[in-house]
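Below is one structure, written out as structure tokens; comments come after it.
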Amino acid sequence: MTPASFDFTPLLAPNQPVPAAKWSGFPKYNFIGGHNDAAHVPVDKLIAAATSVLKREGASLATYGLASGPLGYRPLREFLVGKLKGHAGITCAADDILITSGSLQGLDLVNNILLSPGDTILIEQETYGGALTRLARLGVKMVGVPLDDEGLRVDALEAALKDLQQRGVRPKYLYTIPTVQNPTGAIMGPQRRAEILKLAQAYGVPIFEDECYSDLIWDGKRPPAFYAMAQGSGVIHVGSFSKSIAPALRVGYIVAGWDVLSRILALKQDAGSGALEQMVLAEFCTAHFASHVPALTRGLRVKLDTLMEALAEQFGTAAEFEEPQGGIFLWVKLPDQVDTLKLSQAALAAGVALNPGPEWSTDKAYGKSRLRLCFANPAPETIRQGVAVLADICRREFGVPARIANVERPGAARQL
Ligand SMILES: Cc1ncc(COP(=O)(O)O)c(C=O)c1O
């Protein structure tokens, strides 16, 4: 029997997702995913870090978990203790941190200890598509809370909490990306955080805080994390090295109390996340993280300006957006008649990949004419060409933008 003739279909466990398509390479104009800027991967310093750490400690690869135990390579956790204190105001110990295989594994682990089908969670109305697909697959009810230019709206959150309480529903958590929100790029201010924390505590709802973009802020300044404000009580914090160093390394982390981490560790039966990545990162970050991140964000800022200028040139007033405060995404609103799910298909056929708004929103109608563009990976010239191709396709499919190269003041942020 050849392998191809055997039919696995009747044997599959129920509730499988749609099968994956075979990878056929990156599109020419790649505005999707959370890819990083290739020019800012610190290759030479990573080589030096790998050499020095392997020479010194390479023999420890002989044991699962090195000599650090199941929470992950201790020098990396110790680096994070200092970084989280200095940057996010978090006071924690190395043993409050679990290294994961990317923060996506962190999301899965947190979901696995807390969620069952039929549970309810609160989530930002515009949010990370990877979180939405996970929650949908778990059969969880998502209550989307609208945002403004500072993130979660307090009045809307309070209304949602009240409504759920009246119906006898206690949400399992509030998932938020407060520091450089995905997709909007907003940073929640300290007063807003205090009000949201107060509400969450009053209603007994934990906050699940995803901070994977919080290193990428144009002016480097940020308010304390929820985890810091609550002194760890009722907050689970996840972060990542994907956006600050490189996503292919697959290194993220969870910060939580032992009550939570002990449950998560009992589920994380993978014998530890990749050790070499953790060793190289610890070696690199201890010496160079502080100087690497500002150089990376300066480069990202240049690309954002290129993208905003290209949109202004090609789409004129048809493309509306608020200038993000950091990160790698621009969240764009096109005229109402544009259906970005259809646009994304037509664009992909021409080599332009974009994330359609309905996949990044709990409210599909709200997301219909919105789209997310990741500007970190393509070179500036590719950004300009890709936006020009996209404008042509959008005009052909939906009649907007009406005119070619409708130039207006470049880089201006406009109201949504
Ligand atoms: C909000 C958010 N959380 C988590 C992730 C997953 O990141 P990683 O698993 O690479 O750490 C992403 C990736 O884009 C993201 O946007």
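For ligands, and for the atoms within them, numbers begin at 1 and follow the listed sequence. Note that the coordinates shown come from a computational prediction; the quantities given were computed from them, not determined experimentally. Heavy atoms only: backbone and side chains are in, while hydrogens, waters and symmetry mates are out.
Here the shortest heavy-atom pairing between T184 and W331 reads CG2-CD1, 3.8 Å. Considering all non-hydrogen atoms of both residues, I99 and G72 come closest at CG1-CA, 4.0 Å. Of all heavy-atom pairs spanning A38 and N377, the tightest one is N-ND2, 4.3 Å.
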Do T362 and Q125 pass the side chain to side chain donor-acceptor pair (under 3.5 Å) test, and can you show the C-alpha distance, the side-chain angles, and the key distance before you say yes or no? CA-CA 5 Å; T362 56; Q125 181 182 282; 5.0 Å; no

Donor-acceptor contacts, no H, no angles, side chain residues 27-34, under 3.5 Å, sequence neighbours left out:
| unit_1 | atom_1 | unit_2 | atom_2 | d |
| --- | --- | --- | --- | --- |
| N30 | OD1 | I32 | N | 3.4 |

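Aromatic pair F208/H237: ring centres not closer than 6.0 Å.
Protein residues are said to neighbour a ligand when one of their heavy atoms lies under 4.0 Å from it; for ligand 1 these are G102, S103, L104, Y128, Y175, I177, N182, D210, C212, Y213, S240, S242, K243, R250.
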